[in-house]
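One structure is given below, encoded as structure tokens.
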Amino acid sequence: MKQTKERKSGLSELPDAVQGGVVLRFAPNPNGPLSFGHSRGVVINSEYAKRYDGRMILRFDDTDTVRKPPLPQAYSMIEEEFIWLSGITPEVIIASDRIEIYHQFAVELFHKDGSYVCECSAEEFKQHRVNKTECPHRENPLERNLELWGQMNDGTLAPGDAVVRVKTDMQLANPALRDWPALRIQDTNKNPHPRSEIGSRWRVWPLLDFQSAVEDHLQGVTHIIRGKDLMDSTRKQILLYEHFDWKYPETIYWGRVKVHEFGSFSTSGMRQDIESGEYEGWDDIRLPTIAALRRKGISAEALRSFWLELSLTQKDIKAALSTLHSHNTKVIDLKCPRTSAIRKPVEFTLDRKSVAIPTTLNIAAHPEHDDFEKRVFDISELTVFIEEADLQMAMQKDGLVRLKDLADVRLHGDGRAEILSLEPETGSSIIHWLPTGHETILHSVENGELKKEVVLFENNNHPNGTLLQLERIGYARKEENGLFICHG
RNA sequence: GCUCGUAUGGUGUAGCCCGGUCCAUCAUCUCGCCCUUUCGAGGCGAUUACGCGGGUUCGAAUCCCGCUACGAGCACCA
């Protein structure tokens, strides 16, 4: 019983998980909306929250105002995307609202002799770290630390002049853990926090390892699931927890995921390119953002299946986008009305000779949905448009081809489509076609480049935003200014 | 350099803790065939894998040792 459940969801049980007693969190930096990579964190954490009926916290780790300044719109975008992706509403915590709390713990740590204000330059301390030597500030008495702490906060000390370090042990085998930095000074006059209510209110900001560790404790987080690049973070934080005598959450890691088609994008890089106009927005279909995937028609359910099937392992993996598309097809195919678009249309005239044909056709909009409004093809003008590629294919078979839902025909070089029979008799390949239509632009992405193609699109009443299946081409979303291909 | 981690087919994944039922699961991709009111849909089928070398054992993907490859951390980023 237990085994089938694990197999089905792709996720194994969380260690020491208690029904109703699990607290998970997902903690992105709101310097941009969610990317494809983030969706793994959303899906895995939220699925566990559902499975154990636990609490789900969405925490914005927005404590860097200089290098990765938060994007004000990103907070609400991420929250909305989280809900869309997971189907559950998380509790929201914003780190920049809670700086005062982190300050209190920082001061408490001085009192516990668990930290000190270090006035070494980054380079000087690096020498100590490499040589396993203690820096002179390590022995600051409490009063001196408190005095310097005051100077960090009141502006006497500038960014780079001092940093608060957690006392671990300079002899630790792992260099990453030796007296790691917990809080630093940021010039918030020059680089105010983008949230207006925060702005320049604080000068001393916690680093990830301190902020995250304190917050996880305050929220009672029971399980942390994160990338294995944060393994040393866990070890650092455990050392901090020992000073406070707290119990560290269970921690599980996943490895790196590479999707070849997505190349390498960084949130800050995308932000720059959007601001410079290279991309039209976060939902530009070339971008690996959740916004772009959604716009093209990738469903939340497909994203969930995808990550769940990949499961939770520490292996670095190269995931295939085709797998995501396959999941998506299973979700959307049943809902997508069929419609036709002709690329490079070639016109033919129906030559009915002895075979009588109707003047209008009522064609199903979905093979399994009779209730979908029928498509009406008026062929009284006897014109049909087919794709140039299909013409070439047909010519290799003596021009024989079957026009879907109409007839077997033989295409002639003079532009005639000679009707052979209404019933399929020649066993020819079936191609899609249109009697008429209107021009629209088909947008797709090829090798990261945007491709725009004018196509003849079936006249239809589908409202903008509808996800359609373009017969024999693929799934695409209809928008005001064209069609946007999702995948085949 | 130090520290940590991972190694099952083209790509992912199950199995490994508690050795045999594993001539290794499932999905995806590729290729065939079938069906068909489109298809890259559906149905059926096929090819392809336990990193290397030792050891323990009647028996190892599973246990032990060594090696190799790859990845990550060693930021006053997250």
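None of the values given here were measured: they were computed from a predicted structure. Chain letters run A, B, ... following the sequence lines, proteins first and then strands; every chain starts at 1.
Look at A/Arg472 and you won't find any side-chain N or O under 4.0 angstrom from OP1 or OP2 of B/U38. Distances shown here put a side-chain N or O of A/Arg184 below 4.0 Å from the OP1 or OP2 atom of B/A78. For A/Arg178 and B/C74, the shortest distance from a side-chain N or O to OP1 or OP2 is not below 4.0 Å. An OP1 or OP2 oxygen of B/C74 is reached within less than 4.0 angstrom by no side-chain nitrogen or oxygen of A/Lys236. For A/Ser311 and B/A14, the shortest distance from a side-chain N or O to OP1 or OP2 is below 4.0 Å.
B/C52 is paired with B/G66 under the Watson-Crick or G-U wobble criterion, all donor-acceptor distances under 3.5 Å. Base-pair partner of B/G45: B/C31 (Watson-Crick or G-U wobble, both distances under 3.5 Å).
Comparing the C1' positions of B/G15 and B/G55 gives an interatomic distance of 23 Å, to the nearest angstrom. Taking the P atom of each, B/C64 and B/G20 are spaced 15 Å apart, rounded to whole Å. The P atoms of B/A27 and B/C44 are separated by 10 Å, rounded to the nearest whole Å. With both ends at atom P, the span from B/C23 to B/U62 equals 14 Å, rounded to whole Å.
The A/Asn174 side chain lies nearest to B/U3 when the options are B/U38, B/U3, B/A78. Among the nucleotides B/A78, B/C74, B/A14, the one closest to any side-chain atom of A/Ala176 is B/C74. Considering only side-chain atoms of A/Thr329, the nucleotide from B/C76, B/A78, B/A41 that sits closest is B/A41.
Separating the CG atom of A/Leu324 from the P atom of B/G40 is a distance of 20 Å, rounded to the nearest angstrom. The CD atom of A/Glu471 sits 13 Å away from the C1' atom of B/U36 (whole-angstrom rounding). Taking atom CG on A/Leu310 and atom C1' on B/U13, their separation rounds to 8 Å, with Å as the unit. Look at CZ on A/Phe210: it is 16 Å from P on B/C76, rounded to the nearest Å. Note: CZ (A/Arg375) to P (B/U37) measures 14 Å, nearest angstrom. One can place CG of A/Leu406 at 14 Å from P of B/U38, the figure rounded to the nearest angstrom. Distance NZ (A/Lys132) to P (B/U3): 8 Å, rounded to an integer number of Å.
You'll find the ring centres of A/Phe36 and A/Trp307 inside the 6.0 Å limit. Taking the ring centroids of A/Trp202 and A/His193, they lie at or beyond the 6.0 Å cut-off.
Partner of A/Phe60 under the ring pair (Phe, Tyr, Trp, His ring centres under 6.0 Å) criterion, out of A/Tyr75, A/Phe26, A/Phe82: A/Tyr75 alone.
Looking at heavy-atom distances under 4.0 Å, A/Ser340 makes no contact with the nucleic acid at all. Nucleic acid contact for A/Thr63: sugar-phosphate only, since backbone atoms but no base atoms lie under 4.0 Å from a heavy atom of the residue.
Dense packing is recorded around CD of A/Gln127, with more than 12 heavy atoms of other residues, nucleotides or ligands lying under 6.0 Å away. The local environment of CG in A/Asp154 is crowded, with over 12 non-hydrogen atoms from other residues, nucleotides or ligands closer than 6.0 Å.
One donor-acceptor pair, N or O on each side, does fall under 3.5 Å between the base of B/U38 and the side chain of A/Gln469.
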In sequence, state the C-alpha distance, the side-chain angles, and the governing distance for A/Asp216 and A/Tyr248, and then conclude on side chain to side chain donor-acceptor pair (under 3.5 Å). CA-CA 9 Å; A/Asp216 284 335; A/Tyr248 201 76; 4.8 Å; no
Can you check each nucleotide of nucleotides 5-11 of chain B against protein heavy atoms at under 4.0 Å and return B for base, S for sugar-phosphate only, - for none, in 5' to 3' order? SSSB--S
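Nucleotides of RNA chain B nearest to A/Leu230 and A/Ile430 differ in position, and the one nearer the 5' end is that of A/Ile430.
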